[in-house]
Amino acid sequence: MSVRVRFAPSPTGTLHVGGARTAIYNWAFARRNGGAFILRIDDTDPERSTQENTEQILRSMRWLGLDWDEGPEVGGDHGPYFQTQRSVNYDRALATMKENGSTYPCFCTAEQLAAKREQARTPGGFSGYDRTCRSIEPAVAAERIAQGAPHVWRLKVPDDRGVIVVDDAVRGDTEFPAEVMDDFVLVRTDGTPTYNFATVVDDADMEITHVIRGDDHLANTPRQIMVFEALDRPVPHFAHLSMIWGPDGKKLSKRHGATAVEAYDEMGYLPEALLNYLALLGWSLDGETTIVTPEALKENFSLDRISKNPAIFDAEKLEWMNGVYIRELSDEQFVERMLPWLERAGLATKADVEARHDWYLSMAPLVSERTKRFDEIAEMVRFLFEEPEIDDRAREKALQKEGVANALAVTSETLSATAFDAAAIEAALRSVPETTGLKPKIVFQAVRVAITGSTVSLPLFESLELLGKERTLDRIAAAQALAD
RNA sequence: GGCCCGUUCGUCUAGCGGUUUAGGACACCGCCCUCUCAAGGCGGAGAUCACGGGUUCGAAUCCCGUACGGGCUACCA
C-alpha cells in the first residue's frame, strides 16, 4: 500500500515555522517513499478562518518548495480539500455510526456540562462526560429529536475496549486506558463536526496511511482511533512531533521575533536555508551533517530519526545557515536574488542590471561572502550608487591623522595615472605608504573612508574598480578637505 | 484532579549495554590569513548525560520512583 500523508493547516493564521516543519516532514516522507503529499485546509472554524490566511499558507508552502500532489489549486480524486466542503462525508460517517450503534444523541446543555466538569475535577479521578444521555432509550431519544430538542452526537466508547495503543513512530507504542476516555462530541448542535471527528473522517476517506502532526494531538489520538474503529476503517500510523519553543523555553510567539514563514522571505532568507534549518530542528541525518539540501532531504528523511524532545528556535544558527546557502549561489543567481533588495532601497533597477550586467556580476562575489541576509546588502553597496556621508567617527579615526591629507593627494596623483582594475589599483595604492612614510593601514583606511564613508567596507581595491576612476578621484579630493 | 509525553555542552543534536577521556554544528574565546569587515584554516573553553534507586561483570543507553517542563482532559483546532 503506497504512502499517503497530509498536512492539514487551519487557516486561522499564517503558516508559522512550527506548521512549516510539520509540512516539511510530511512532504519529505512522501517524497522519500514515493507516496502522495496531500494538502487539506481544515477550515471548520468559521469565526477565525479567512481566505487571506489560506492564500498566504499556500504561498508560503510554494516559497519553501513544498509541492503537493493533491489539494487546493491542484485537485485530486479525494477532494474537495476544504473541510467546509466535505459535509456529505461527515453526514455519511455519522449515519454509519448511528447504524452500528457507536454514537448516541446527548441533550445535556452547556451549563449542565460545565457544572459537571467543575464537580468532577477533584481528587480521585475521572473528569469526562458522565454519560447521562447514554442510558436514554433510543426510541425516547428519537422522539425528542423529532420534537426538535437540541442535541449533539457523542462517541459511545465501547465498554470492553480495554487499552488503546497508539503506534507512534517517534515515541513508540503509547498506551491509554479506555476507561479514562470521554464519550466526546462528534457532531455539534448545529450539525457541524468537531475537529476529532472531521479529521478522522477525512483521513479515512483520503486513505491517509501516516499521520505526521504536532505533539498537541497525541492525547487526542486514542479518541480518534476509536472513531476509525467505529467507522470500520484502517487506523493509520502516527508520528507526533514535539513543539518548537522560543528562546525563553516558552511557546513560540511574535514576542520572539518572526514566526510567520513569509516574514523570513521578507528578511532576506533563502527558502532552502529555512527548509534545511527547520528540517534539522527535530530531525537529524546522522548527527554530523548540517547542510541538508531539499534533494538530500527527499532522499534521506525518515521518521525514526525524529527526536522526541522539544526544540528551541535558534535564529542565529538559521542566519549562519542562510549565509552558507548564499555563498553557494552562483554570481548570476546572486545578482538575480539581490536585485529586488536593491530596488527596494532605491539603488538599482532591473533595467540597470541588464545594461551593466558584468558590473553587477563582479560585485557578487565581494558581497555574497559577507551577507547573511539579503536585507543587509543595500547598506554594503550603497556607496557604489550614492555619495557617501562621512560621519564624525570615521573622519576622526581615519582622516584626521598626521600626514593623511598629503597621502590622499599622493594617492590621487598615482591613481590618476593607473589603469583601473583591482590589480593595478593595488599596486598603485601600495606605493603610497612608501613615498609618504605612513603605514599601509593608515593610508588604506583613509582611502576607504574617503570613498565609502565608513571604516568597514567591501575590499578596497575591488571597491575602487567598481566605483570607477572618476568618482574615486572626486571622493578622494572631497576627503582631502576633511583630512589632517 | 486524571491521563499522556519529554529531560545529553548556552542552543540544535549524535549516542540505541562495553569501540566514549560523551562526537558534530551554531554561538563564544584565541591564533593564522589579511587593506577594514567577512569568508576560510587551526586550536580552546563548554555536558558530574535532570535527580535518586535498582538490573548487570559493565548504563547516557534497560527498569522503577522523584523533580521540573509540556500536552490533553471544549459543542477550538
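Lettering follows sequence order; numbering is per chain, from 1.
C62(B) and U7(B) have their P atoms separated by 10 Å, with the value rounded to a whole Å. On the P atoms, G6(B) is 14 Å away from G65(B), given to the nearest whole Å. Rounded to the nearest Å, the gap between the C1' atom of C9(B) and that of G70(B) is 23 Å.
Here His256(A) and Phe313(A) keep their ring centres 6.0 angstrom or further from each other. Side-chain rings of Tyr195(A) and His217(A) approach one another, their centers coming within less than 6.0 Å.
Sorted by first and then second residue, the side-chain hydrogen bond (donor to acceptor under 3.5 Å, both in side chains) pairs involving residues 276-287 of chain A (not counting sequence neighbours) are Asn276(A)-Tyr325(A), Ser284(A)-Arg305(A), Asp286(A)-Thr289(A).
Taking only distance into account, the side chain of Thr174(A) never meets the base of C4(B) through a donor-acceptor pair shorter than 3.5 Å. The base of C5(B) has none of its N or O atoms less than 3.5 Å from a complementary donor or acceptor on the side chain of Arg171(A).
Put simply, Thr44(A) has no side-chain N or O that comes within less than 4.0 Å of OP1 or OP2 on C76(B). Between Ser284(A) and A14(B) there is a side-chain polar atom (N or O) within less than 4.0 angstrom of OP1 or OP2. Phosphate contact (OP1/OP2 of A27(B), side-chain N/O of Lys317(A), threshold under 4.0 Å): absent. When the side-chain nitrogen and oxygen atoms of Arg327(A) are compared with OP1 and OP2 of G40(B), one or more of them lie within a distance under 4.0 Å. The shortest distance between the side-chain N/O atoms of Ser307(A) and the OP1/OP2 oxygens of U13(B) is below 4.0 Å.
Checking C12(B), C75(B), U36(B) against the side-chain heavy atoms of Val185(A) singles out C75(B) as nearest. When distances run from any side-chain atom of Arg305(A) to the nucleotides U36(B), G24(B), A14(B), the shortest one goes to A14(B).
Distance Ile312(A) CD1 to U7(B) C1': 12 Å, rounded to the nearest Å. Atom CD1 of Ile451(A) is separated from atom C1' of C37(B) by 14 Å (rounded to the nearest Å). At whole-Å resolution of the value, CG in Asn322(A) and P in C26(B) are 15 Å apart.
The backbone N or O of Ile451(A) lies less than 3.5 Å from a partner atom in the side chain of Arg475(A), making a donor-acceptor pair.
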Sub-3.5 Å pairs of nitrogen or oxygen atoms, protein against nucleotides 67-72 of chain B:
from: G71(B); atom 1: O2'; to: Asp216(A); atom 2: O; distance (Å): 3.4
from: C72(B); atom 1: O2'; to: Arg223(A); atom 2: NH2; distance (Å): 3.2

Only distances under 3.5 Å count here; give the side-chain donor-acceptor pairs of residues 399-406 of chain A to other protein atoms, sequence neighbours excluded, each with its distance to 0.1 Å.
from: Lys401(A); atom 1: NZ; to: Lys397(A); atom 2: O; distance (Å): 2.9

